Amino acid sequence: MPKEYRTIEEVAGPLMLVRDVTDVNYNELGEIELANGEKRRCKVLEIDGGNALVQLFESSTGINLSNSKVRFLGRSMELGVSEDMLSRVFDGLGRPIDGGPEILPEKRLDINGLPMNPAARNYPQEFIQTGVSAIDGLNTLVRGQKLPIFSASGLPHANLAAQIARQAQVRGTTDPFVVVFAAIGITFEESEFFINSFKETGAIDRTVMFVNLANDPAVERIATPRMALTAAEYLAFEKGMHVLVILTDITNYADALREVSAARKEVPGRRGYPGYMYTDLATLYERAGRQKGKNGSITMIPILTMPEDDKTHPIPDLTGYITEGQIILSRDLYRKNVMPPIDVLPSLSRLKDKGIGEGKTRADHANTMNQLFAAYARGKDARELMIILGEAALTEMDKIYAKFADKFEEEYVSQGYDKNRSIEETLELGWKLLSILPKSELKRIKDEFIEKYYVG
């Protein structure tokens, strides 16, 4: 039976100081029992000699210093895991909120996980088809990769996330592909959107959802992505499944980190975020990947809204360092009604070369991808020139490129949130657009592919 302490010294907001404790460890879970028998949970943030600073998961209202008791449970936060988690919805601390029964766990795992030994990692290389042309064709996602989506306030990243979760599949395998979806600090309306979207399409059957709402405590927000990744590690490395982890919104997670750091009176770093935020984000992102000798894998798509649309803000900046590229959403494209508004030129998948080509997608994929990038970049320049100097200042070839850029946005990037394009459809569409240009302009494509696919 855990030892009880009646030595609560003070309560300040979400923090509580307990004196004269023994054998209590950092990150250990605790339970506070109020005079009326109500129980609330807490977690040890700091140990200083016999003093323990703990953080409450629920509100501190009604805690009476003299007749409330604290007991420490001798373990850190754990998640009970089993295959029954699929098709279920949990809160940020792993409790079912879908009206279904409690999960009977096969085992209980520490949510902080174990770092993956770099020598035990397998290199990401199989192509994942998301059904979204701007990703599959130009910034290809590879199994085991971490590819964040950089969005901005008001942009439809939720729709894109739900679309990827519904459509993603590993080509060339029959292994089950499941989605672990963690919603961090989102509104009730967004939460309902995700749950209903998955239910309507049947995707909920292969999805585990963790939902932490904006009015839930900050400390729960910090636990939510770790809960999701613990479930993902179990399904991937113990049950051999391909797992896609979607975390939205990492900005809310980082803000919760800042809030807890400020409550602990730590020295703030850039923009008030704690100096260890890079390390903390890395402990999340680096749990993705493939392990040698294991069939399963974890592919991760973290989504973050860039404060003030600023790519140099600490959250996108540090995320970019740790992950393998980024998909950037554009406000300009959104205003033009391009859905999803993916800005393909600044977007990047650092591992795309590993997942495309003969036997994975198609032999002409790399050539057409480079040509589409080059032609779109030149077309955008021509359009800007037209705005400044007028159409008369453009050469005939510039006008063709400007037309190409418009068609590229309308037909290739803009496909709506319900259309699931196979990689073959995406490549054919690319060739159809490249055929707007004369053959002599296709300098990045081998002649054999031009002969075979050019729609002249």
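Everything numeric in this text was worked out from a predicted model, so none of it was measured.
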Distance, nearest 0.5 Å, that separates [atom1] of [X] from [atom2] of [Y]:
X    : Y    : atom1 : atom2 : answer
E220 : R95  : CD    : CZ    : 6.0 Å
M77  : M227 : CE    : CE    : 5.5 Å
I423 : T140 : CD1   : OG1   : 6.5 Å
D216 : I184 : CG    : CD1   : 12.0 Å
N25  : L29  : CG    : CG    : 11.5 Å
Q55  : L45  : CD    : CG    : 5.0 Å

Can you confirm whether the side chains of [X] and [Y] place a donor and an acceptor under 3.5 Å from each other?
X    : Y    : result
D310 : T312 : yes
Y234 : E83  : no
T207 : R88  : no
S87  : R206 : no

Q: Write out all pairs satisfying salt bridge (Lys or Arg N to Asp or Glu O under 4.0 Å) with one or both partners inside residues 110-131, taking only residues at least two apart or from two chains.
A: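 Listed once each, the pairs are R121-E286, E126-R143, E126-R290.
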Q | F408 and Y376 aromatic ring geometry - parallel, tilted or perpendicular at 30°/60° bounds | A |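 Geometry flag for F408 against Y376: tilted rings.
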Q: Begin with the C-alpha distance, continue with both residues' side-chain angles, and end with the deciding distance and a verdict on side chain to side chain donor-acceptor pair (under 3.5 Å) for R421 and S133.
A: CA-CA 7 Å; R421 287 183 185 152; S133 291; 2.8 Å; yes
Determine, for [X] against [Y], whether the closest basic-nitrogen to carboxylate-oxygen distance falls under 4.0 angstrom.
X    : Y    : answer
E266 : R264 : yes
D255 : R221 : no
E411 : K419 : no
R362 : E424 : no

Q: Run the numbers on T130 and D136 for side chain to side chain donor-acceptor pair (under 3.5 Å), then give the verdict.
A: CA-CA 6 Å; T130 64; D136 292 351; 2.8 Å; yes
Measuring only between side-chain heavy atoms, which start at C-beta, is [X] closer than 4.5 Å to [Y]?
X    : Y    : answer
Q163 : Q415 : yes
E410 : V338 : no
V132 : P340 : yes
P314 : M277 : yes

Q. Looking at A52 and V21, what are the two nearest heavy atoms and their distance?
A.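 Smallest heavy-atom distance, with atoms named: CB-CG2, 3.9 Å.
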Q | Nearest heavy atoms of I250 and Y285, plus distance in Å | A |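 Shortest heavy-atom separation between I250 and Y285 comes out as CG2-OH, 3.5 Å.
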Q: Tell me, with the steps shown, if T251 and D249 meet side chain to side chain donor-acceptor pair (under 3.5 Å).
A: CA-CA 5 Å; T251 301; D249 181 335; 3.3 Å; yes
**Q.** side chain to side chain contact (heavy atoms under 4.5 Å, CB included) between L244 and V180, intermediate numbers included
**A.** CA-CA 6 Å; L244 176 66; V180 175; over 6 Å; no
**Q.** Ring-face cation of R226 near F210 (centre distance under 6.0 Å, axis angle within 45°)
**A.**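 Output no; distance or angle outside limits.
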Q) Would L329 and I342 satisfy side chain to side chain contact (heavy atoms under 4.5 Å, CB included), going step by step from the backbone distance to the final call? A) CA-CA 5 Å; L329 301 190; I342 295 173; 3.7 Å; yes
Q: With sequence neighbours excluded, give me every side-chain hydrogen bond (donor to acceptor under 3.5 Å, both in side chains) pair touching residues 337-352.
A: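 Only Q145-S349 qualify under side-chain hydrogen bond (donor to acceptor under 3.5 Å, both in side chains).
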Q. Who passes salt bridge (charged side-chain N to carboxylate O under 4.0 Å, His left out) against D353, sequence neighbours left out?
A.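 Here no residue qualifies.
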Q | Residues that E33 engages under salt bridge (charged side-chain N to carboxylate O under 4.0 Å, His left out), provided they are two or more places apart | A |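 Result, salt bridge (charged side-chain N to carboxylate O under 4.0 Å, His left out) vs E33: K69, R71.
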Q. Excluding sequence neighbours, so at least two apart, what forms side-chain hydrogen bond (donor to acceptor under 3.5 Å, both in side chains) with E38?
A.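 With sequence neighbours excluded, E38 shows a side-chain hydrogen bond (donor to acceptor under 3.5 Å, both in side chains) to R40, given in chain and number order.
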(Q) Any side-chain to backbone donor/acceptor pair from R258 onto R271? Under 3.5 Å, distance only. (A)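 Flag set: sc R258 to bb R271 pair under 3.5 Å.
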Q. Yes or no on side chain to side chain donor-acceptor pair (under 3.5 Å) for S435 and Y453, after CA distance, side-chain angles and deciding distance?
A. CA-CA 9 Å; S435 301; Y453 298 110; over 6 Å; no
Q | Centroid separation F449 to Y454 less than 6.0 Å | A |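 No; Y454 has its ring centre 6.0 Å or more from that of F449.
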Q.
As a quick check of understanding, evaluate side chain to side chain contact (heavy atoms under 4.5 Å, CB included) for M85 and F90, giving each step before the final call.
A. CA-CA 9 Å; M85 298 176 86; F90 303 90; 4.2 Å; yes
Q: Tell me, with the steps shown, if E238 and V81 meet side chain to side chain contact (heavy atoms under 4.5 Å, CB included).
A: CA-CA 11 Å; E238 297 195 23; V81 291; over 6 Å; no
Q | Residues forming a ring pair (Phe, Tyr, Trp, His ring centres under 6.0 Å) with Y273, sequence neighbours excluded | A |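 Scan of Y273 (ring pair (Phe, Tyr, Trp, His ring centres under 6.0 Å), adjacent residues dropped) gives H313.
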